[in-house]
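If you read the sequence from its start, that first residue is 1, and numbering goes on from there.
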Amino acid sequence: MTHAVLERPALVLNRAWAPIQVTSVREALGLVAKGAALIIEPETYRTHDLRTWNDVSRAKEALIRSARLALAPPEVILLTSYAGQGARSIVFSRKNLFRRDRYTCQYCGAQPGPEALTVDHVLPRSKGGVSTWENCVLACLECNARKANRTPEQAGLKLRKAPRKPSWKLLTQAAPRERRESWDRFLSRAYWEVELEP
Ligand SMILES: [Zn+2]
């Protein structure tokens, strides 16, 4: 249970309260523990460190327990020093790759569920392929077996689209079942506060 809770998505805002990426509850708590971020209580916009969040969590479902703390999983965090945009900061992680590819095999379009999808290196590692956004895609077990240690061309497979580094927008839209309702007020806030062209 705790493990699944830690893998839930958390929205990350830069210090200007602009959404920049989606991370996991685990990573979010790590940033807060380091003092690099604060947890936002979406209903009140109040910000918390772990100690005050522990107090607030008493009125919520405190699903994450350690010796000293009982915490509700944070849904939104605020970075305390980072002011930049998210484009460069999206972590290349398994979880984010699943979100980018929408839990879909990038060769045949199957959606067999996360357990039946693997991360495929388009140019195989044995041929010098590296683990990057541009060289990794989700593949179902069948396509993965068919491709083996070959390029898509050699295996007679075709990518549905060229793999790219995703934007935070794409990640927040990627898996609707993972979205948190509490994000809406921050995402629409970004909409209202975006700078318009003169
Ligand atoms: Zn497939």
Side-chain angles (χ1 to χ4, degrees), residues 1-86 89-104 111-119 138 166-193:
M1 180 62 187
T2 301
H3 179 74
V5 169
L6 291 175
E7 294 308 321
R8 279 188 196 172
L11 184 67
V12 181
L13 310 184
N14 70 11
R15 74 175 178 199
W17 291 68
I20 54 167
Q21 72 170 92
V22 175
T23 187
S24 64
V25 164
R26 181 195 306 278
E27 287 174 45
L29 286 173
L31 288 169
V32 176
K34 275 197 297 190
L38 295 166
I39 297 167
I40 297 176
E41 190 180 9
E43 300 81 18
T44 61
Y45 295 110
R46 287 212 183 98
T47 56
H48 298 277
D49 60 19
L50 286 185
R51 194 180 51 78
T52 63
W53 184 246
N54 180 65
D55 299 339
V56 169
S57 294
R58 282 188 202 130
K60 302 173 184 282
E61 255 195 305
L63 296 169
I64 302 163
R65 288 166 189 284
S66 73
R68 288 178 301 117
L69 300 167
L71 304 173
E75 297 184 350
V76 187
I77 63 165
L78 174 70
L79 297 181
T80 48
S81 60
Y82 184 71
Q85 298 301 310
S89 63
I90 289 171
V91 182
F92 179 70
S93 67
R94 203 175 168 77
K95 196 84 187 172
N96 282 341
L97 188 69
F98 273 68
R99 290 189 181 123
R100 184 197 69 178
D101 289 351
R102 299 176 182 240
Y103 296 83
T104 303
Q111 295 186 316
E115 308 78 23
L117 287 165
T118 60
V119 175
L138 289 187
S167 67
W168 69 265
K169 271 184 195 153
L170 195 149
L171 290 183
T172 55
Q173 292 160 2
R177 64 204 160 98
E178 290 196 322
R179 259 185 83 115
R180 301 285 149 195
E181 262 175 50
S182 62
W183 295 0
D184 287 344
R185 59 181 68 197
F186 298 97
L187 297 172
S188 54
R189 189 183 169 109
Y191 170 79
W192 288 112
E193 291 181 4

Show your working on side chain to side chain contact (heavy atoms under 4.5 Å, CB included) between Val119 and Arg94 and close with a plain yes or no.
CA-CA 8 Å; Val119 175; Arg94 203 175 168 77; 3.5 Å; yes
Would Leu63 and Arg8 satisfy side chain to side chain contact (heavy atoms under 4.5 Å, CB included), going step by step from the backbone distance to the final call?
CA-CA 12 Å; Leu63 296 169; Arg8 279 188 196 172; 3.8 Å; yes
Verify side chain to side chain contact (heavy atoms under 4.5 Å, CB included) between Ile40 and Leu11, making sure each step is shown before the conclusion.
CA-CA 10 Å; Ile40 297 176; Leu11 184 67; over 6 Å; no
Working note: Thr52 + Thr47, criterion side chain to side chain contact (heavy atoms under 4.5 Å, CB included); need CA distance, chi angles, decisive distance, verdict.
CA-CA 9 Å; Thr52 63; Thr47 56; over 6 Å; no
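Two residues are said to be in side-chain contact when any heavy atoms from C-beta on lie closer than 4.5 Å; Glu27 and Lys95 fail this criterion. Side-chain contact between Pro9 and Trp183 is present, with heavy atoms from C-beta onward closer than 4.5 Å.
Under the 3.5 Å distance criterion, the side-chain polar atoms of Ser57 are matched with a main-chain donor or acceptor of Ala72. Between the side chain of Thr104 and the main chain of Arg102, a donor-acceptor pair closer than 3.5 Å is present. At least one donor-acceptor pair closer than 3.5 Å links the side chain of Thr80 to the backbone N or O of Ala36. Judged by distance alone, with hydrogens and angles left aside, the side-chain atoms of Asn96 form no donor-acceptor pair with the main-chain N or O of Arg99 at under 3.5 Å. A donor-acceptor pair under 3.5 Å links the side-chain atoms of Asn54 to the main chain of Ala70, judged by distance alone.
Nearest heavy-atom pair across Pro74 and Ile77 is CB-CG2, 4.3 Å. For the residue pair Ser182 and Val76, the shortest heavy atom distance occurs at OG-CG2, 4.2 Å.
Rounding to the nearest 0.5 angstrom, the gap separating the CG atom in Asp101 from the CG atom in Leu117 is 9.0 Å. Atom CG of residue Asp55 and atom CG of residue Asp49 lie 9.0 Å apart, to the nearest 0.5 angstrom. Atoms CZ and CG, from Phe98 and Leu138 in turn, are 5.0 Å apart once rounded to the nearest 0.5 Å. Rounding to the nearest 0.5 angstrom, the gap separating the CG atom in Leu71 from the NZ atom in Lys60 is 12.0 Å. Rounding to the nearest 0.5 Å gives a distance of 10.5 Å between CG of Leu13 and CD of Gln21. Here CD of Glu75 is found 9.5 Å from CZ of Phe186. Values are rounded to the nearest 0.5 Å.
No more than 12 heavy atoms of other residues, nucleotides or ligands shown are found within 6.0 angstrom of CD on Glu181.
Ring geometry, Trp53 versus His48: the interplanar angle falls from 30° to 60°, so the pair is classed tilted.
With hydrogens and angles left out, the side-chain atoms of Ser24 and Glu7 include no donor and acceptor closer than 3.5 Å.
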